[in-house]
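Throughout, numbering of the chain's residues begins at 1 and tracks the sequence.
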Amino acid sequence: MNQDYVKPDNWSIIEEGFDVERVKSSESLFSIGNGAMGQRANFEEMYSGPTFQGSYIAGVYYPDKTRVGWWKNGYPEYFAKVLNAPNWIGINVEICGEKLDLFKCKSVTNFRRELNMKEGWYQRSFNVVLTNGIEVSVKSTRFLSLDLDEVGAIKYEVTPISQDVEVVFTPYLDAGITNEDTNWDDKFWDTYDLAHKGNTAHILSKTMKTDFHACTGMLNQIFLDEKATDIYPKVEISNTCVKLNYTLEVPKGKTATVVKFGGYTVSLNHKEEDLVTASSAVLKQASESGFEALLDLQKNAWSKIWEMADIAIDGDVKAQQGIRFNIFQLNQTYLGKDARLNIGPKGFTGEKYGGSTYWDTEAYCIPFYMATKDQVVARNLLTYRYQHLEKAIENAEKLGFTNGAALYPMVTMNGEECHNEWEITFEEIHRNGAMTFAIYNYHRYTGDYSYIPEKGLEVMIGIARFWHQRATFSTDKDKYVILGVTGPNEYENNINNNWYTNYLAKWCIEYCIENITKVKEEYSNDYKRIIEKTKLGEEEINAMAQVAEKMYFPYSAKHQVYLQQDGFLDKELITVADLDKSQRPINQKWSWDRILRSPYIKQADVLQGFYMFEDKFTSEELGRHFDFYEPFTVHESSLSPCVHSIQAAALDRMDQAYTFYLRTSRLDLDDYNKEVEEGLHITSMAGTWMSIVEGFGGLRIKNDRLSFSPKIPKEWKGYTFNVNFRNQILKVNVSQEGTSFNLEGNQELIIYVDGKEINISPDTLITI
């Protein structure tokens, strides 16, 4: 049974009623971020029950020494940990000498929390009876500013209900934090200075090994019934913590409020010696604006994001809530402002997986950012990988590859591989192909070819060289084979000739050679620079072409499908429908040995290739492969349902497409894989967007133009989405009656709808 406590709502995530069993799950679901930092929805006040404390700063990490049972040559020396940063949100509360702690109170009633996605704020309210019998009402509102992205704001209100009370607010900064995810329980932060002055305080810390410096700051304002007070705080200070105590006498029915501005300034953006000055300045700017004015700016900033990124669904609240939750979290994680940053699989919601980027960015996220933001954002994501090319070459060299062959990492912070499961780190090499595919995808969508001669071709050459060297010539087959790999389906390890991997290798080489020719003919100066830098010659190009031409693909004539790998038909082919539900999810119920021997597929594998290269196959071929593989797919990867939804829609199987859409859009909200307390699945959320725009909307690029094949689930009255295509915004509205298009731009746009050419003039509504 999936969880179902989140209340359906078009614009908010809402929880009603307090349940200690839900606390950690809700800490993930109600997480907030602004692209520069983020935090789980931990309580501000003390909570002694089970909790997963987490605040995170973009780009800051720790190289946690690799921990494995048996060392293998080539293992990375460390696993990059997303760091739990010093805590700035804490506000301890005492009422007549008793600490407020929801885990220990006599009763908690009227508990409600809301994550308002439309306006970008998180609020929690409740009534509580303490063990001393005093009843109070509490409301806390907080957000992380998009305008001042080094600042967050909290408004924490306490109203006594049963009697007059003494309230002590103790806002604090705490650098004595630990990571939930750590290999050796290392100390990740070194605190070297603490300071306070009046209502402000700062802690200076630096990360061990990586030497990132951070200033964690706070500035407090105290109000009684909305009137500012001049209470001077009592200070408590230790080696890692600064606390400011404010004592107020609060009559029954009146409200005591602490407004806390806090956040981080880091050495990524400031000189080390300027961190406190920068923190003080931005906190002062926030406090002078005031909580409500800063919140108004927040609402306006999110309004602008939604204006472009929103997908509106008419007639299905759960589906609507799901897609907006996904879009909201993607924008909280990455806004495209800084090319040094990327989209981590957990974003700012947890620590699992480590690293800041996986192949998910290239395969799933770039389409979302291309269509909902300026193309510069997508180009920044490509540039991120270009800047890591030398590290990718070093990664390959560590494994014995030569001559500039590049292997992009499975997990990374700085371009260096930092994932240490052999079967994934060194066998899940298909990720290399996603790097080239992203360049191809960017060019076909934006029409911006300039990236390829400037940067992209160098990346493609390194990747093509890797595939050339990784392939082995089989005299038995008279074909090139790729042995000892793991495909996207991680429930098969160390197998031979994963079809998806082999197909990507062939395509990457061919696409690279195609662009070498184009750059040579049309960008001679860039070509000369690239050839001199890479020392690429005709003999090597011809050898790479030979590998692509003679690549082997396992195929079953009996089933008329490409086989996921050479030995797939040797398995006992029992479908998921015949698997006892008590055995699910198998990754939590079965031994790894049993999983590897089973036919069960974690996520789209062959079908991932059919998704990426749809135009290379007929609809009949897609249907045949879908019918063969989907029955064995357990969808225990967050990246699986979206691909299947898109393909089911392409096959006009709308009931299936809708079911898969609900699963991908509500994967975390309904906790399908029973792991949401560890954090959200951020990168797969871009797949949710694709399942509507590419799945139901049928968006493709054909003949250098937008193409649509609109479909609509029977459960919906209609849906709308926007597409920024080559600096013009196309608004698409699909209903049960038909589809309309409206263009915001300055020149005519030619699109295809169900194969028919349509001319759209700016500011003209076209209905099909």
Side-chain angles (χ1 to χ4, degrees), residues 15 17-20 22-24 26-27 30-32 39-55 84 86-115 121-144 152-162 165-174 176-177 199 201 216 218-224 231 233-234 236 241-248 250 255-262 291:
E15 174 187 8
F18 180 66
D19 184 342
V20 295
R22 300 197 303 237
V23 168
K24 289 203 286 187
S26 291
E27 286 172 345
F30 291 82
S31 294
I32 56 176
Q39 56 196 212
R40 291 170 59 82
N42 306 127
F43 298 162
E44 292 88 358
E45 74 277 359
M46 173 189 291
Y47 183 70
S48 58
T51 179
F52 172 2
Q53 298 290 306
S55 297
N84 189 3
N87 174 16
W88 69 263
I89 70 167
I91 304 173
N92 288 337
V93 180
E94 286 187 17
I95 299 167
C96 293
E98 182 175 331
K99 291 180 179 178
L100 175 60
D101 180 350
L102 294 187
F103 193 65
K104 294 181 177 179
C105 293
K106 276 187 177 180
S107 67
V108 181
T109 57
N110 299 325
F111 183 92
R112 184 183 190 274
R113 56 173 141 192
E114 175 181 358
L115 181 64
W121 50 261
Y122 163 57
Q123 188 175 89
R124 182 171 55 100
S125 59
F126 55 88
N127 287 6
V128 63
V129 177
L130 304 173
T131 55
N132 60 15
I134 296 173
E135 183 177 5
V136 297
S137 173
V138 177
K139 183 168 76 170
S140 172
T141 306
R142 78 177 185 239
F143 61 93
L144 298 182
I154 301 170
K155 184 177 184 180
Y156 196 98
E157 303 169 87
V158 174
T159 305
I161 296 174
S162 57
V165 299
E166 179 187 80
V167 174
V168 180
F169 288 129
T170 307
Y172 63 88
L173 304 176
D174 181 14
I177 42 82
N199 293 317
T216 308
M218 70 172 173
L219 187 158
N220 308 308
Q221 298 172 338
I222 308 297
F223 300 86
L224 183 57
I231 301 172
K234 176 184 175 183
E236 296 180 56
C241 188
V242 180
K243 299 179 180 179
L244 302 181
N245 299 321
Y246 300 87
T247 302
L248 297 90
V250 186
T255 299
T257 302
V258 55
V259 171
K260 182 178 184 181
F261 299 100
F291 184 90

Item to check | Check: Val23 and Phe18 side chains under 4.5 Å, non-hydrogen atoms | outcome: yes

Checklist entry - Do Ile32 and Trp121 come close enough that some side-chain heavy atom pair is under 4.5 Å? => result no

Next on the checklist: Can a donor-acceptor pair be found, under 3.5 Å and without considering hydrogens, that links the side chain of Asn42 to the backbone of Phe52?
Outcome noted: yes

Item to check | Spacing of CZ belonging to Arg112 relative to CG belonging to Asn127, to within rounding of 0.5 Å | outcome: 13.5 Å

Item to check | Note, Leu100 side chain near Cys105 side chain (heavy atom, < 4.5 Å) | outcome: yes

Checklist entry - Can you check whether Val258 reaches Tyr246 side chain to side chain, under 4.5 Å on heavy atoms? => result no

Next on the checklist: Is the terminal nitrogen or CZ of Lys155 (NZ for Lys, CZ for Arg) located under 6.0 angstrom from the six-membered ring centre of Phe143 and within 45° of that ring's axis?
Outcome noted: no

Checklist entry - Once the angle between the rings of Phe111 and Phe126 is folded into 0 to 90°, is it parallel (under 30°), tilted (30 to 60°) or perpendicular (over 60°)? => result parallel

Next on the checklist: A side-chain contact here means heavy atoms from C-beta on lying under 4.5 Å apart; do Phe103 and Met46 qualify?
Outcome noted: no

Item to check | Donor-acceptor side-chain pairing of Thr51 and Gln53 below 3.5 angstrom | outcome: yes

Checklist outcome for this item: All heavy atoms of Trp88 vs all of Ala153, minimum pair found to be CH2-N, 3.9 Å

Item to check | Residue pair Gln221, Phe261: steps toward the side chain to side chain contact (heavy atoms under 4.5 Å, CB included) verdict | outcome: CA-CA 9 Å; Gln221 298 172 338; Phe261 299 100; 3.7 Å; yes

Item to check | Atom pair CD1/NZ of Ile134 and Lys106 - distance to nearest 0.5 Å | outcome: 10.5 Å

Checklist entry - Measuring from Ile154:CD1 to Ile91:CD1, what's the distance to the nearest 0.5 Å? => result 4.5 Å

Checklist entry - What is the minimum heavy-atom distance between Val242 and Ala201, and which atoms define it? => result CG1-CB, 3.7 Å

Checklist entry - Under 3.5 Å, side chain of Asn199 to main-chain N/O of Pro233, donor-acceptor pair present? => result no

Checklist entry - Can you check whether Tyr122 reaches Ser31 side chain to side chain, under 4.5 Å on heavy atoms? => result no

Item to check | Side chain Arg113, main chain Phe30, donor-acceptor under 3.5 Å | outcome: no

Next on the checklist: Can you tell me how far apart CG (Asn84) and CD1 (Ile177) are? Round to the nearest 0.5 Å.
Outcome noted: 4.5 Å

Checklist entry - Once the angle between the rings of Tyr156 and Phe169 is folded into 0 to 90°, is it parallel (under 30°), tilted (30 to 60°) or perpendicular (over 60°)? => result perpendicular

Next on the checklist: Rounded to the nearest 0.5 Å, what separates atom CG in Asn87 from atom CD in Glu44?
Outcome noted: 10.0 Å

Next on the checklist: Looking at every non-hydrogen atom in both residues, tell me the closest pair between Val136 and Ile161 and how far apart they are.
Outcome noted: C-CD1, 3.9 Å

Next on the checklist: Using side-chain heavy atoms (C-beta onward) and a distance below 4.5 Å, is Leu244 in contact with Met218?
Outcome noted: yes

Item to check | Heavy-atom side-chain contact between Phe43 and Arg124 under 4.5 Å | outcome: yes

Next on the checklist: Quick check against the 3.5 Å criterion: does Arg142 have a side-chain atom that pairs as donor or acceptor with the backbone of Lys260?
Outcome noted: no

Item to check | Considering all heavy atoms, the nearest Glu135-Ser162 contact | outcome: N-OG, 3.0 Å

Checklist entry - For the atom pair CD1 (Ile231) and CG (Asn220), what is the distance rounded to the nearest 0.5 Å? => result 11.5 Å

Next on the checklist: Looking only at side-chain N and O atoms, does Thr131 offer a donor or acceptor that is under 3.5 Å from a partner on Glu98?
Outcome noted: yes

Checklist entry - Between Glu236 and Asn245, is any side-chain donor less than 3.5 angstrom from a side-chain acceptor? => result yes

